[in-house]
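Input: a single structure, listed below in structure tokens.
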Amino acid sequence: MFNTLTSRAIRRFAIAVMVLAAGLLAFYWTLGNASKGSGIPPKISYYHWANTYTDDPINLKTYAPAQLYLKLLDIGYRDKNLSINPTDIRTPPSIAITPVVFLDNNALRDDVLDSVYAQIITHIPPQKYQRLQVDCDWTEQTRDTYFAFLTRLKADYPHLSVTLRLHQVKYAERTGVPPAERAALMYYNMSDIRDPETKNYILDTDVGQRYLQNFEEYPLPLDLALPLYQQTRVIRQGRLVHLSNSAELNADKTEHLKDNVYRVTQGHYWQEYYLYPDDELRVDTVDIEALQQAARQLTAVMHPDEVIFYTLNDAARFTPNALAAIAADFSTRSQPQ
């Protein structure tokens, strides 16, 4: 009888312990997920992407970036030669920067990579910079060369990051994962710029939605780059012939056809480029509603530590509070599990 009572008591005690443990696990799981949804908003930074840099105290004070991602070097490959274009720094940056090098995919050639490396080391000396971001839209054909080159750079720059396109996340198994500390996902320029029917080359959330896969499995921490700029594509006889970073058209010599599409009615020079009658102008732009929609899409799959707007020079179209609200969306997001 005593042994039977003891056995029952032990079973009851064990059940009570399991129930208590399950309750504690549920509590901490809920608490953990609640904290993920009410965390600190990501930092807000900006790209500076021009051939010259002059400190802009007004913009820096108004938009108060955590840092600037400052393009310091543009390396291309044209006419069987490297094209090296360093940024002209006219006044030293007054805030923290991460240097960025744009590397043309065509420059990923074994016969020039030593020269590419030497140019980066010369113009962005590791003794001065611990951080470096490489912007390169590599392909499956250049992946191995690019990844080996990044590994070489990691020995000089302890905090190496890369830019990443949407398809490189969705199809990571095929495209590979670059050997870097982290990546900045470029949520823009996601369509075919040469296609006259491309709705909005800068930001099309319908296109973006098709690529929001594999984020939970992607092994690198992902920050987020969002666009603020505008541009105009000049389409002539069904072909892209010119691209301008302006969206201000001559209203007297163009007519509005639909949405962001215009037709040239009278030939004229515009932005130092001659437009012919019947040229089609497609104005790509981004407004705050499009950015809000992009953030809503991405909060379900990303948890960026930093939102980087492209670029600081284009920020004047938006208020600092509006851009801060975009980043704040990610502090109340649902975390991927």
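Not measured: the values here are computed from a predicted model.
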What's the spacing between Thr299 OG1 and Asp329 CG if we round to 0.5 Å?
7.0 Å
Please confirm whether the backbone N or O of Ala315 pairs with a side-chain atom of Tyr63, one donor and one acceptor, at under 3.5 Å?
yes
Short side-chain donor-acceptor distance under 3.5 Å, Ser161 and Gln133
yes
Give the minimum heavy-atom separation between Cys136 and Leu103, together with the two atoms involved.
SG-O, 3.3 Å
Quick check: Tyr53 with His48 (ring centres under 6.0 Å apart)?
yes
Charged N to carboxylate O under 4.0 angstrom, Lys71 versus Asp135?
no
Please determine, by modelled atom types, if Tyr187 and Gln297 share a side-chain donor-acceptor pair under 3.5 angstrom.
yes
Please check: side-chain N/O of Ser45 versus main-chain N/O of Pro65, any donor-acceptor pairing under 3.5 Å?
no
Answer yes if the ring centres of Phe149 and Phe147 are under 6.0 angstrom apart, and no otherwise.
no
Assess whether a salt bridge exists between Arg152 and Asp114, defined as any Lys/Arg side-chain N lying under 4.0 Å from an Asp/Glu carboxylate O.
yes
Quick one: OH on Tyr262 to CD on Glu280, what's the gap to the nearest 0.5 Å?
12.0 Å
Sequence neighbours excluded, every pair satisfying side chain to side chain donor-acceptor pair (under 3.5 Å) that has a member inside residues 78-92
Arg78-Ser83, Ser83-Asn85, Asp88-Arg90
Looking only at side-chain N and O atoms, does Thr142 offer a donor or acceptor that is under 3.5 Å from a partner on Thr139?
yes
Check for me whether Arg143 meets the cation-pi criterion with Tyr146, that is, NZ or CZ under 6.0 Å from the six-membered ring centre and within 45 degrees of the ring axis.
no
Got a donor-acceptor contact below 3.5 angstrom from the Trp138 side chain to the Leu108 backbone?
no
How many angstroms lie between atom CG of Asp137 and atom NE2 of His167, to the nearest 0.5 angstrom?
5.5 Å
Quick check against the 3.5 Å criterion: does Lys253 have a side-chain atom that pairs as donor or acceptor with the backbone of Tyr269?
no
Report yes or no: does Arg263 contribute a side-chain atom to a donor-acceptor pair with the main-chain N or O of Thr254 at less than 3.5 Å?
no
Going from CG on Asn200 to CG on Asp284, what distance comes out if it is rounded to the nearest 0.5 angstrom?
4.5 Å
Would you check if the side chain of Asn214 reaches a backbone N or O of Val169 as a donor-acceptor pair within less than 3.5 Å?
yes
Using the ring centroid of each side chain, check whether Tyr310 and Tyr188 are separated by less than 6.0 Å.
yes
Donor-acceptor under 3.5 Å (Gln119 side chain, Val116 main chain):
no
